[in-house]
Amino acid sequence: MSLVYRPAQADDLAATDALVVASINDLTVRHGFGPMATASPPSFQLFSLKDDPDGLWIAEDGGDILGFAWSWVCGDVWFLAQLFVDPARQGHGIGNQLLERTLEHARKSGAAHKALITFTFNRVSQGLYMRHGLFPRMPIYFFNVSRERVALASPEPPLRAVAIDGDAATMTKLAEIDARAIGVSREKHHRYLLGDPATEGVLLYAGDVPVGYGYIGANGHIGPLAVTRRDVLRDAFATALKLAANGSAATISAFLPGTCDGVLSLAVSQGMRITFPMLLMASPGYGDWTQYLPRNPGFM
């Protein structure tokens, strides 16, 4: 049967997750990092599908899913969350066709900026993205450490953390922080995170002034985290580390941009080590992340 490109449906997303996991592990094993991805419920994919179905596409041949692309839009920012092709069918133009369809999503939405996060060692994909106007902006490192080590080493948090309650005033504060940190409000994504029982969100205060927010997962993962000023990012991350250390996860982890010197220095001093390197690619004029720590390559 001929290859078909069609919008993704909710019933496809378990199969697309399996494809993504297999594709990531094929890539990371080939580059000496070992298997890194594990299957998980496609919760954010389902959220995105309901919010804006134009951003999710699959390539299918005779009922077999051979490729998956997923993008979302907030304000004037388009973000490519995932683009993966079955390793056995790579090199046949499937990825380019899927990317064209998600870029049409960007054009229809009127997005002024485009961005994505990919593996630093994924050279073929980087070439594809550069041909479509997305260029390397900065490295992003995935760090982790045992929680016990951080718990022993971390001082009292420098900022005051208050649980995010989701009321109108709090959502307005989050929108203001996002606008300063990444240039766009992500209210719908905050509401998604606040509905996740495995994630805790906090507003961060310097005295009585809200200067940022952070999310900490039950698995010890920190992010996203954003601040109103770059000079408070280190303090915000230190506070998030302390909150994560007070939890019960075996490890603590975070994605840290290479532009955030203070945060990187703090991470290393706390015993955190780089697990694997990633790369932010973006259209010209976007991607100055000195006030933001992403959650993961799909959420940003």
Side chain to side chain contact (heavy atoms under 4.5 Å, CB included) involving [X] - partner list, sequence neighbours excluded:
| X | value |
| --- | --- |
| E148 | S146 |
| V21 | D17, N25, A37 |
| T251 | none |
| P53 | L49 |

(request) Please collect all salt bridge (Lys or Arg N to Asp or Glu O under 4.0 Å) contacts where either partner lies in residues 81-92, sequence neighbours excluded, each pair once. (result)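 Residue pairs with at least one partner in residues 81-92: D61-R89.
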(request) Using the salt bridge (Lys or Arg N to Asp or Glu O under 4.0 Å) rule, collect all pairs that involve residues 108-118, keeping only residues at least two apart or in two chains. (result) D54-K108
How would you list all residue pairs meeting ring-ring contact (aromatic ring centres under 6.0 Å, His included) that involve [range], not counting sequence neighbours?
| range | answer |
| --- | --- |
| residues 147-178 | none |
| residues 227-256 | F142-F255, H221-F255 |
| residues 158-186 | none |
| residues 155-190 | F44-H189, W72-H189, H189-F299, H190-Y213, H190-Y215 |

(message) For S71 and H105, which I'm curious about, is there any donor-acceptor pair between the side chains at under 3.5 Å?
(response) yes
(request) Report the residues that fulfil salt bridge (Lys or Arg N to Asp or Glu O under 4.0 Å) with D261, sequence neighbours left out, ordered by chain and then residue number. (result) none
(request) Please list, chain by chain and in numerical order, all residues satisfying salt bridge (Lys or Arg N to Asp or Glu O under 4.0 Å) with R191, sequence neighbours excluded. (result) E187
(message) Show the nearest heavy-atom pair for residues L98 and G67, with the distance to one decimal.
(response) CD1-C, 3.7 Å
